[in-house]
Amino acid sequence: MIKITFPDKNVRQYEAGVSALDIAKSISEGLARNVLSAEVNGEVKDASLPIGEDAKIRFFTWNDTEGKATMWHSSAHLMAEAVEFFYPGAKFGIGPDIENGFYYDIDFGDRMVSENDFAKIEKKMLEFAREKQSFVRKEVSKEEALKYFTEKDDEYKLELINDLNDGEITFYESGSFVDLCRGPHLPNTGIIKAVKLLNVAGAYWRGDETRKQLTRIYGITFPKKKELDEYLVKLEEAKKRDHRKIGKELELFTFSQNVGLGLPLWLPKGAQLRERLENYLKKVQTEAGYLPVITPHIGNVKLYKTSGHYDKYGSDSFQPISTPVEGEEFFLKPMNCPHHCEIYKSKPHSYRELPIRYAEFGTVYRYEQSGELHGLTRVRGFTQDDAHIFCMPDQVKDEFKAVMAIVMKIFTALDFEDFIVQISLRDPDDKEKYIGSDENWEKAETAIKEVAEESNLNTVIEYGEAAFYGPKMDFMVRDALGRKWQLGTIQVDYNLPERFELEYVGADNEKHRPVMIHRAPFGSMERFVAVLIEHTAGKFPLWLTPDQFIILPISEKYQNYAEKVLKFLNNSDLRGQIDSRSEKTGRKIRDAELKRIPYMLIVGEKEEADNTVSVRKQGEGDQGTLTWDAYVGSMQDAIEKEMQKR
RNA sequence: GCCAAUGUAGCUCAGUUGGCCAGAGCAGCUGAUUUGUAAUCAGCCGGUCGGGGGUUCGAAUCCCUCCAUUGGCUCCA
């Protein structure tokens with residue numbers, strides 16, 4: 001007999017060799033039906049695996065992320081089985097579970113697979129699911145494993161097996177499909193009740209651009225059909241928040257092929273919104289001791305040779321601009337830092353002046369790959385809310401923390417609650433990609449790691465995500481479809497000060513090298529506004545929204561009164577317009593609602609008689625009648641409330 | 001840059017197996033209407049069907065190519 005300990009510390013005795021599934025059954029049939037996998041002594045395992053010794057056990061169901069992972073990983077196998085049925089000879093790469101579902105990378109040879117083929121594959125998957133195929137785990141020797149996939153002629157699996165050690169290789173067999181796999185898997189495929197293949201995409205084998213591109217099929221499965229339907233509805237809803245769609249509807253920005261790919265054109269309403277964000281940050285920065293600077297959009301190529309940008313990105317950038325002078329070349333600036341370094345160098349500095357904080361909304365140009373361009377989130381010309389802090393080494397931490405405070409302030413002000421703080425460090429296996437000495441990198445990485453530890457934020461470390469001159473702390477926020485985008489960023493840099501030979505005179509009357517902190521709380525105005533649009537679905541807070549109200553006169557007769565109201569509101573620092581069209585009120589309301597204008601002020605005979613406005617709130621309907629003063633008061637209160645968050 | 005899908009008026013979309021001068025709604029313009037909490041009515045304007053090439057008696061529809069968009073991959077100073 002063995003002792004099984006449950007998460008609630010309860011202990012029960014079982015025969016050795018009992019499976020997690022058996023144990024679940026001994027508790028209740030219902031639990032047994034819902035168990036997808038189990039954690040046995042800290043490791044997630046097949047629920048059907050025999051347990052030979054005393055163990056701590058935890059069951060995973062659909063309500064656990066581990067349970068979902070098991071479900072989706074098994075679904076990848078199920079899909080592979082169906083794919084193999086229709087495309088015998090297809091070769092399989094990897095097929096993991098992901099945050100929402102799973103994918104499998106497949107080499108179909110000469111055959112083309114598109115979304116048109118999904119229906120039959122889905123149908124076959126459900127068929128196999130209904131057969132309640134069990135996942136049979138087999139430990140195999142490396143030799144056996146290699147033999148199997150050599151016969152199957154699957155070079156991808158062979159490559160994977162070659163990277164594994166003998167004795168740690170397992171196969172899983174479900175139906176006719178055998179896969180190299182660590183597991184764990186579902187007790188059987190019958191748990192999968194609803195299947196949806198979502199899209200196909202090319203994906204390089206092992207993420208390596210120089211290797212063959214496989215066909216990746218993404219899918220998701222559910223234990224209930226209803227959950228799939230709900231998921232699909234959610235996806236549709238998310239698409240409605242897409243900033244590209246709302247940006248068009250609300251006339252915030254546009255693109256023109258005549259101007260160029262990835263070069264956004266800000267329309268008046270978008271420009272107003274952006275300007276308010278910029279003014280807000282300018283105010284915060286002034287309070288935090290930043291000094292404004294302004295630099296040109298181009299710079300001599302020499303500048304970027306000094307900074308290292310030329311070597312690193314020169315050939316993939318917009319190409320240099322030549323001048324009538326032989327050999328003279330300018331670059332569109334891809335970064336503001338070299339310019340700011342030159343400003344720093346324009347005069348000698350004393351340690352007493354430090355830290356110096358130069359801030360600029362600097363527009364930069366980068367030749368992003370055409371396939372990467374995406375609305376406002378990935379563009380070729382964008383404006384960074386950039387600043388560079390030049391400080392002494394012992395000031396780095398305090399300065400870094402102060403910048404973090406600004407980022408957090410902004411995120412709080414705009415209700416960005418769901419963000420990831422990512423520590424982006426060097427790829428330890430590929431130091432060639434970076435400039436600067438190991439010593440400098442150590443110092444910079446240590447500083448960031450220490451600051452992160454001292455903050456109360458949950459951070460994740462990503463290796464290989466650093467900038468080429470230094471490590472970063474990146475603030476990642478998701479868009480409507482769950483894609484992560486880097487917004488705020490703070491970077492510690494010991495390298496550029498060296499390259500630009502920046503100096504200050506210390507208390508010891510000797511020359512010292514300052515440390516640079518690059519930082520951009522919004523990241524770029526373009527990307528930030530894009531994410532803001534998706535988070536708010538275009539319903540911006542009052543302090544930001546282009547029009548706070550619109551006055552809707554019932555008819556032409558009340559145009560004069562409407563103008564008086566407008567003047568009064570404008571004088572009270574509120575902004576809005578009059579809809580003077582010869583339309584019915586219902587129509588004006590509908591249009592204002594669709595434009596997400598927060599307040600509609602309906603004025604007619606009654607309102608004119610009592611000097612009031614009839615207030616309608618976007619999305620909420622009629623709010624009753626208020627005097628001008630009362631309305632202004634309520635608006636000021638609402639804005640005041642928003643200000644407190646700022 | 002790579003893989004796949006898509007590309008018809010400013011926007012959203014119809015256009016059967018290739019067959020009469022390419023359609024609708026919204027937007028825009030003109031006129032009528034003077035309107036009370038999510039679409040007033042009528043008329044007009046607007047497209048060389050993404051560009052180019054080809055097949056055909058005939059192409060928005062079939063083929064090739066280029067461009068762009070979308071979803072991924074790679075990249076992201």
(request) Between Tyr469(A) and Ser114(A), name the one whose nearest nucleotide on RNA chain B is closer to the 5' end. (result) Ser114(A)
(message) Any base atoms under 4.0 Å from Asp622(A), or only sugar-phosphate, or nothing? Heavy atoms, all strands.
(response) base
(request) Write down the distance between CG (Asn199(A)) and P (U69(B)), rounded to a whole number of angstrom. (result) 19 Å
(message) I'd like to know if the side chain of Arg111(A) reaches the main chain of Phe108(A), judged simply by a donor and an acceptor atom lying under 3.5 Å from each other, with no hydrogens or angles considered.
(response) yes
(request) Nearest-nucleotide wise, let me know which of Gly464(A) and Glu605(A) is further upstream toward the 5' end of RNA chain B. (result) Glu605(A)
(request) Mind checking Met600(A) for me? I need base, sugar-phosphate or nothing, with any heavy atom below 4.0 Å counting as a touch. (result) nothing
(request) Grab the CG-P distance between Asp591(A) and A38(B) for me, whole Å please. (result) 12 Å
(request) Look at the side chain of Gln213(A) and decide which nucleotide, out of A5(B), C67(B), C73(B), has an atom nearest to it. (result) C73(B)
(request) For U61(B) versus G51(B), give the span between their P atoms, rounded off to a whole number of Å. (result) 10 Å
(message) Please convert RNA chain B into dot-bracket. A pair counts if it is Watson-Crick or G-U wobble with both distances under 3.5 Å; crossing pairs go in [ ] and bases paired with another strand get |.
(response) (((((((..((((.....[...)))).(((((.......))))).....(((((..]....))))))))))))....
(request) Under 4.0 Å between any heavy atoms, over every strand shown, what does Arg206(A) touch: base, sugar-phosphate, or nothing? Just pick one. (result) nothing
(request) Indicate whether OP1 or OP2 belonging to A38(B) is found under 4.0 Å from a side-chain N or O atom of Arg616(A). (result) yes
(message) Can you check the distance between A59(B) and C21(B), where both ends of the measurement are the P atom (answer in whole Å)?
(response) 11 Å
(message) Using atom P in both nucleotides, what's the gap between A5(B) and G58(B) to the nearest angstrom?
(response) 29 Å
(message) For the CZ atom of Arg426(A) and the OH atom of Tyr463(A), what is their distance to the nearest 0.5 Å?
(response) 11.5 Å
(message) Taking G7(B) as the reference, what is the distance to C64(B) when you measure between their P atoms (whole Å, please)?
(response) 16 Å
(request) Can you tell me, in whole Å, how much space there is between the P of C13(B) and that of C76(B)? (result) 35 Å
(request) Look only at the side chain of Asp474(A) and the backbone of Met476(A), and say whether a donor-acceptor pair between them is shorter than 3.5 Å. (result) no
(request) For the pair Asp493(A) (side chain) and Gly470(A) (backbone), establish whether a donor and an acceptor sit closer than 3.5 Å, ignoring hydrogens and angles. (result) no
(request) Determine the Euclidean distance between corresponding C1' atoms of U70(B) and G23(B); express it in Å to zero decimal places. (result) 26 Å
(message) Tell me whether the side-chain N or O atoms of Glu368(A) pair up with the base of C76(B) as donor and acceptor below 3.5 Å, since no angle test is needed here.
(response) no
Let me check something: any side-chain donor-acceptor pairs from residues 602-611 of chain A under 3.5 Å, sequence neighbours excluded? List them with distances.
| from | atom 1 | to | atom 2 | distance (Å) |
| --- | --- | --- | --- | --- |
| Glu607(A) | OE1 | Gly604(A) | N | 2.9 |

(request) Please check if the side chain of His243(A) supplies one atom and the backbone of Gly375(A) the other of a donor-acceptor pair under 3.5 Å. (result) no
(message) Near RNA chain B, counting only heavy atoms under 4.0 Å, which residues of residues 94-103 of chain A show up?
(response) none
(request) Using whole Å, report how far OH of Tyr218(A) lies from P of G71(B). (result) 12 Å
(message) By the 4.0 Å heavy-atom rule, please label Ala203(A) as base, sugar-phosphate, or nothing.
(response) sugar-phosphate
(message) I'd like to know if the side chain of Arg241(A) reaches the main chain of Glu534(A), judged simply by a donor and an acceptor atom lying under 3.5 Å from each other, with no hydrogens or angles considered.
(response) yes
(request) Spell out, as yes or no, whether a donor-acceptor pair under 3.5 Å connects the side chain of Arg244(A) to the backbone of Ala530(A). (result) no
(message) Treating Gln384(A) as the side-chain partner and Ser524(A) as the backbone partner, does any N or O pair qualify as donor plus acceptor under 3.5 Å?
(response) no
(request) Using the side chain to side chain contact (heavy atoms under 4.5 Å, CB included) rule, pick out the option among Leu496(A), Ile343(A), Asn336(A), Ile517(A) that qualifies with His388(A). (result) Asn336(A)
(message) What is the separation between atom CG on Leu373(A) and atom C1' on C75(B), rounded to the nearest whole Å?
(response) 12 Å
(request) Would you classify Arg483(A) as touching base, sugar-phosphate or nothing, given that sugar-phosphate means primed atoms plus P, OP1 and OP2, and contacts are heavy atoms under 4.0 Å? (result) sugar-phosphate
(message) Using a 4.0 Å heavy-atom cut-off, does Gly207(A) contact any base of the nucleic acid, only the sugar-phosphate backbone, or nothing at all?
(response) sugar-phosphate
(message) Distance check, P atoms only: C41(B) and C26(B), in whole angstrom units.
(response) 8 Å
(request) Answer yes or no: does a side-chain N or O of Arg211(A) lie under 4.0 Å from OP1 or OP2 of C3(B)? (result) no
(message) Students often get this wrong, so: under 4.0 angstrom with heavy atoms, is Ser317(A) touching a base, only sugar-phosphate, or nothing?
(response) base
(request) Measure distances between side-chain N and O atoms of Arg378(A) and base N and O atoms of C75(B), and say whether any donor-acceptor pair falls under 3.5 Å. (result) yes
(request) Write down the distance between NZ (Lys248(A)) and C1' (U12(B)), rounded to a whole number of angstrom. (result) 10 Å
(request) With heavy atoms under 4.0 Å as the rule, sort Leu214(A) into base, sugar-phosphate or nothing. (result) nothing
(message) Please report the distance separating the C1' of A4(B) from the corresponding atom of A9(B), rounded so that it comes out in whole Å.
(response) 29 Å
(message) My understanding is that only residues two or more places apart in sequence, or in another chain, count here; which of them pass salt bridge (charged side-chain N to carboxylate O under 4.0 Å, His left out) with Lys269(A)?
(response) Asp547(A)
(message) side-chain contact (heavy atoms from CB on, under 4.5 Å), that's the test. Do Leu594(A) and Glu249(A) meet it? Break it down for me.
(response) CA-CA 9 Å; Leu594(A) 291 175; Glu249(A) 286 167 2; over 6 Å; no
(request) Give Tyr313(A) one of three labels, base, sugar-phosphate or nothing, depending on what nucleic acid heavy atoms sit under 4.0 Å from its own. (result) base
Close N/O contacts between protein and nucleotides 32-35 of chain B (under 3.5 Å):
| from | atom 1 | to | atom 2 | distance (Å) |
| --- | --- | --- | --- | --- |
| U33(B) | N3 | Ser582(A) | OG | 2.6 |
| U33(B) | O4 | Ser582(A) | OG | 2.8 |
| U34(B) | O2 | Glu556(A) | N | 3.0 |
| U34(B) | N3 | Glu556(A) | OE2 | 3.2 |
| U34(B) | O4 | Glu556(A) | OE2 | 2.7 |
| U35(B) | OP2 | Lys557(A) | NZ | 3.2 |
| U35(B) | O2' | Thr585(A) | N | 3.4 |
| U35(B) | O2' | Thr585(A) | OG1 | 3.4 |
| U35(B) | O4 | Ser582(A) | O | 3.3 |
| U35(B) | O4 | Ser582(A) | OG | 2.7 |

(request) Report, as yes or no, whether the 6.0 Å neighbourhood of atom OH on Tyr310(A) holds more than 12 heavy atoms from other residues, nucleotides or ligands. (result) no
(request) Could you check whether His518(A) gets within reach of a base, just the sugar-phosphate, or nothing at all, counting any heavy atom under 4.0 Å? (result) nothing
(request) Using atom types as modelled and distance alone, determine if a side-chain donor or acceptor of Ser317(A) lies under 3.5 Å from a backbone N or O of Gln319(A). (result) no
(request) Have a look at Glu593(A) and say if it touches a base, only the backbone sugar-phosphate, or nothing, with a 4.0 Å heavy-atom cut-off. (result) base
(message) Nearest 0.5 angstrom please: Thr306(A) OG1 to Asp311(A) CG, how far?
(response) 10.5 Å
(message) Using a 4.0 Å heavy-atom cut-off, does Glu607(A) contact any base of the nucleic acid, only the sugar-phosphate backbone, or nothing at all?
(response) base
(request) Determine: side-chain N/O of His374(A) to OP1/OP2 of C76(B), distance under 4.0 Å, yes or no. (result) no
(message) Regarding Lys472(A), tell me which of base, sugar-phosphate or nothing describes its non-hydrogen contacts under 4.0 Å with the strands shown.
(response) sugar-phosphate
(message) Taking the basic N atoms (NZ, or NE/NH1/NH2) and the acidic carboxylate oxygens, is any pair closer than 4.0 Å for Lys484(A) and Glu99(A)?
(response) no
(request) Assign a letter to each nucleotide of nucleotides 46-52 of chain B from its 5' end: B, base within under 4.0 Å of a protein heavy atom; S, sugar-phosphate only; -, no contact. (result) -------
